[in-house]
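This one's a predicted model, so the numbers in the text were calculated from it and none came from an experiment. Note: hydrogens, waters and symmetry copies are ignored here, and every other heavy atom, side chains too, is used.
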Amino acid sequence: MEAGALVIIFALLMLFAFLGLGAWATAKAVGAARRGVDRTITQARRTVEDTTLKAKSLGQIGVTASLAQLRLDLRTSMRATQQALHDGVRSDPSLKESIGLFERLSAHGRELDDELRRLEQEPDRKRTAEMLPELRERAAKIKQSADSLRWAARERAHRFSADELSSLSEQIEVESGALRDWSREPADDLAAAAAAWDAAQTPPGAAPGRGAQAEPGPTALNPSAPAPSYPWQKAPRPETTT
């Protein structure tokens, strides 16, 4: 009975664990989908705002066109810098400090962009026109700082790429030189090996480089030994005399 109760308790615990894991996975999936939708909506909103600002800067004149152009230039510079820094930090972690500085700069950029947006709806155009020089100066400072960070990051990445290319080129030149080294050492080694083999084939007392040759002696004193006979050979036929 106790064993059955333990099995039931274990089964319930496993069931609750699976249910909890399923709920957690569902929550994560819903959160990821929600973030994806939010990013899509934000991107679409930015695209619509940029298109509207371009239309205002080109289709209108006066204060409205100036405000729209300021916002467009500011947003374009900030977005390009953000993209460059976040792309560069993947291969160069030292850019994290630059990203921290950019986040602080982005706070000023968003504040100015919000102010320019409110001024677009301001009915007192004369007062807004009087504020334009100061607004242009603030926008220029923010844009200059963003451009400086962006170009510094790009130049740093370009320098790293150039240094790596130079090092790779030097290694390839060294390897190419090694592949083209047709020195005489392999041929000399082969000739030495051939000479050693010839010497090993020469019997003692013989001249180097010549094969073993038996000194000829008188034929009558040194008759040749009879050829050995084997069981499978036929007996030689006797010579007949006439």
Legend entry - D114 vs R118 side-chain heavy atoms within contact, under 4.5 Å: yes
Legend entry - Contact summary for R154 and A84, nearest pair of heavy atoms: NE-CB, 4.3 Å
Legend entry - Side-chain cluster (under 4.5 Å, hydrophobic types only) that W151 belongs to, other residues: none
Inset, instruction - For the pair R75 and D113, find out whether any cationic side-chain nitrogen is under 4.0 Å from an anionic carboxylate oxygen. - result: yes
Inset, instruction - Can you measure from CD (E170) to OG (S167) and round to the nearest 0.5 angstrom? - result: 6.0 Å
Inset, instruction - Using atom types as modelled and distance alone, determine if a side-chain donor or acceptor of S77 lies under 3.5 Å from a backbone N or O of A146. - result: no
Inset, instruction - Supply the atom-to-atom distance S166 OG to E164 CD, rounded to the nearest 0.5 angstrom. - result: 10.0 Å
Inset, instruction - With sequence neighbours excluded, tell me which residues meet salt bridge (Lys or Arg N to Asp or Glu O under 4.0 Å) with R138. - result: E115, E134
Legend entry - Side chain T76, main chain L72, donor-acceptor under 3.5 Å: yes
Inset, instruction - Not counting sequence neighbours, which residues clear side-chain contact (heavy atoms from CB on, under 4.5 Å) with D163? List them please. - result: R159
Inset, instruction - Can you sort out the partners of S176 under side-chain contact (heavy atoms from CB on, under 4.5 Å), two or more places apart, ordered by chain and number? - result: I172, R180
Inset, instruction - Could you list who else is in L165's hydrophobic cluster, with ILVMFWY side chains joined at under 4.5 Å, directly or through other members? - result: none
Legend entry - Whichever hydrophobic residues join L116 through chains of side-chain contacts under 4.5 Å: V63, L67, L70, L74, M78, L85, V89, L95, I99, F102, L105, L112, L119, M131, L132, L135, I142, L149
Legend entry - Within 6.0 angstrom of H108 NE2, more than 12 heavy atoms from elsewhere: no
Inset, instruction - Inspect the surroundings of CD in Q144 and state if more than 12 heavy atoms from other residues, nucleotides or ligands are less than 6.0 Å away. - result: no
Inset, instruction - Enter the distance from Q83:CD to H86:NE2 here, rounded to the nearest 0.5 Å. - result: 8.5 Å
Legend entry - Side chains of T64 and R125 in contact at under 4.5 Å (non-hydrogen atoms): yes
Inset, instruction - Could you go through the side-chain contact (heavy atoms from CB on, under 4.5 Å) check for Q82 and R150 one step at a time? - result: CA-CA 8 Å; Q82 182 181 25; R150 182 174 69 256; over 6 Å; no
Legend entry - Taking every non-hydrogen atom, the tightest pair across P133 and A129: CD-O, 3.7 Å
Legend entry - Enclosure of R127 CZ (heavy-atom neighbours >12, cutoff 6.0 Å): no
